[in-house]
Number of protein chains: 2
Amino acid sequence: MSGTSEKVYVEIIKKIKTIIEEDDLQAGDKLPSERELTDRLHVGRSSVREALRSLELLGLIETRRGEGTFIKPATGHRLVEVLASFILHDQTARQDLLETKSIIIRDCIELAVQRVRPEDIEFLNGMIREIEQSEQERDLQQQIHRFQEAVIKLCNNHLLYRLWVELSDYGLSVHQHSFLLHSGECSQIVEHLKNGDSKNVIQLMSQNM
Amino acid sequence: MSGTSEKVYVEIIKKIKTIIEEDDLQAGDKLPSERELTDRLHVGRSSVREALRSLELLGLIETRRGEGTFIKPATGHRLVEVLASFILHDQTARQDLLETKSIIIRDCIELAVQRVRPEDIEFLNGMIREIEQSEQERDLQQQIHRFQEAVIKLCNNHLLYRLWVELSDYGLSVHQHSFLLHSGECSQIVEHLKNGDSKNVIQLMSQNM
DNA sequence: CTTTTTTTGGTGGTCTGACCACCATTGACC
DNA sequence: GGTCAATGGTGGTCAGACCACCAAAAAAAG
């Protein structure tokens, strides 16, 4: 045959991707059932399942027994968990990860200082006000995380932003510290952003990644 | 039951991880066969396969028909690849892609000029000699591509390198330019690398990405 | 008619058994 | 001793059978 050397389950993954594109399925939408895919693609159900289970482990889909298979909002989760648990002992990979994350942060901030608009500053200030009023410790951590995310997002490059998200999640599961900024540092970051001082923002954002 | 709400294939993944640790299996070593895992873990072969296929898609293991399943060197970072092919297409503006690629190239080169060793230079020179002797147009393009790859790889950060590969491949499929360097420019790159002149290398490497 | 209960059909979850294709080793044959 | 066919183990795939679960439809109760 013509290049049908690929394993069936990999082919199925591609087909599923095609189906998602053609039907314009969005996060939360339901995928065809395993049996329907079996019929449509003329393959065995076990092969379909191998494909779906792989995508599930990657965190791309979610299966609910008795209901169906659904597209997940694209955030690696278990993907990261599994990779981390398997690669944890590889010192080189760890080093690469830290370095790459640090670099990506720098890149994002450098773009951000160029592109930040007054309304962005105002938005960040709003977040800081909320953080200062926060009382629940749990809420606080979440809010600060959202703040960091918002800062990175200012790079105005969604791809780069996504890279940061993935690398962050990945790093988190490797060594689960979760030192976060305190609200004072958040304010400093906004100040430096306003002044176009990328160096200090990078320093603050990198210190406890 | 005792918290065995996890799906079987996920449990199997954990068990496999345990087996790897207990038997101290290294990259390249052979995993127990599917049938043996079926017996040892008291599960169906299809569940074992769902687990193995998932790990395979993550790039953590490699299966060779007729031989067995083997552990892959943990430098896979398949994370990037999968994200690229599956998630990137969700409205990633071409501009983001171009910008990100450009940034990654810059990052790689900046690391490369710090880390390049004399033998790397010698290796690159060898590639250039081959390029100059090349006669087939097709070979030439491939050789130059390998040259570019080798330069990026000098960053000595496999994760970053993989990011570049994926962005390049993805970009290729978006708009198939394939302007490549000519051999003279390759020589210039090596010269600038030797002199620690990252700026010029970046310029040359970025011009026709 | 509305509400509750039951039924039913569809879905994923798992296991089993059966082939096939491929590979490496074995062992017979020359 | 070297060559080549037979063999057993391995992954690759399919088909069918259950089970557990859920939601919507149908039936029963009010």
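The figures here come from the full heavy-atom set of this structure, side chains too, leaving out hydrogens, waters and symmetry mates. Fair warning: this is a prediction, and the values are worked out from it, not measured in the lab. Below, read A as the first sequence line, B as the second, and so on, with proteins coming before strands; counting in each chain starts at 1.
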Participant: With side-chain hydrogen bond (donor to acceptor under 3.5 Å, both in side chains) as the test, would you mind laying out the steps for A:S206 and A:K101 before giving the verdict?
Facilitator: CA-CA 9 Å; A:S206 302; A:K101 197 162 83 176; over 6 Å; no
Participant: Using atom types as modelled and distance alone, determine if a side-chain donor or acceptor of B:S102 lies under 3.5 Å from a backbone N or O of B:L98.
Facilitator: no
Participant: OP1, OP2 of D:dT10 versus side-chain N and O of B:R64: anything below 4.0 Å?
Facilitator: no
Participant: Got a second to check how far B:S33's OG is from B:R45's CZ, nearest 0.5 Å?
Facilitator: 8.5 Å
Participant: Which nucleotide in the list D:dG11, C:dC23, C:dG12 gets nearest to the side chain of B:E67?
Facilitator: C:dC23
Participant: Working to the nearest 0.5 Å, report the span between OG1 of B:T100 and CG of A:L159.
Facilitator: 4.0 Å
Participant: With a 3.5 Å cut-off and just heavy-atom distances, do the side chain of A:R53 and the base of C:dG12 make a donor-acceptor pair?
Facilitator: no
Participant: Counting just side-chain N and O atoms, does A:T63 come under 4.0 Å of either OP1 or OP2 of C:dT11?
Facilitator: no
Participant: Once you round it to whole Å, what is the distance between C1' of D:dG11 and CD1 of B:I61?
Facilitator: 11 Å
Participant: Using only atom types and a distance under 3.5 Å, with no angle test, would you say the side chain of B:R115 pairs donor to acceptor with the backbone of B:C155?
Facilitator: yes
Participant: Quick one: is C:dT11 close enough that its OP1 or OP2 comes under 4.0 Å of any side-chain N or O from A:S33?
Facilitator: yes
Participant: Please state how far atom CD in B:E56 lies from atom C1' in D:dT10, giving the value in whole angstrom units.
Facilitator: 14 Å
Participant: Can you check the A:E36 CD to C:dG10 P distance for me, whole Å?
Facilitator: 12 Å
Participant: Between P on C:dC22 and NZ on A:K7, what's the gap in Å once rounded to a whole number?
Facilitator: 13 Å
Participant: Nearest whole Å is fine: how far is D:dG9 P from B:D39 CG?
Facilitator: 13 Å
Participant: Taking any heavy-atom pair under 4.0 Å as a contact, classify A:G66: base, sugar-phosphate, or nothing.
Facilitator: base
Participant: Can you find a donor-acceptor N/O pair under 3.5 angstrom joining the side chain of B:R45 to the base of D:dG12?
Facilitator: yes
Participant: I want to verify a distance call: between D:dC22, D:dC14, D:dG11, whose nearest atom is closest to the B:E34 side chain?
Facilitator: D:dG11
Participant: Does the side chain of B:T69 get closer than 4.0 angstrom to OP1 or OP2 of D:dG11 through an N or O atom?
Facilitator: yes
Participant: Roughly, in whole Å, what's the span from OH in A:Y9 to C1' in D:dC14?
Facilitator: 17 Å
Participant: Counting only side-chain nitrogens and oxygens, does B:S47 get under 4.0 Å of the OP1 or OP2 atom of C:dC15?
Facilitator: yes
Participant: Could you check how far CD of B:E50 sits from P of D:dG12, rounded to whole Å?
Facilitator: 14 Å
Participant: Figure out the CZ/P separation between A:R49 and C:dC15, and round it to whole Å.
Facilitator: 10 Å
Participant: Any N or O donor-acceptor pair under 3.5 Å from the base of D:dG11 to the side chain of B:R35?
Facilitator: yes
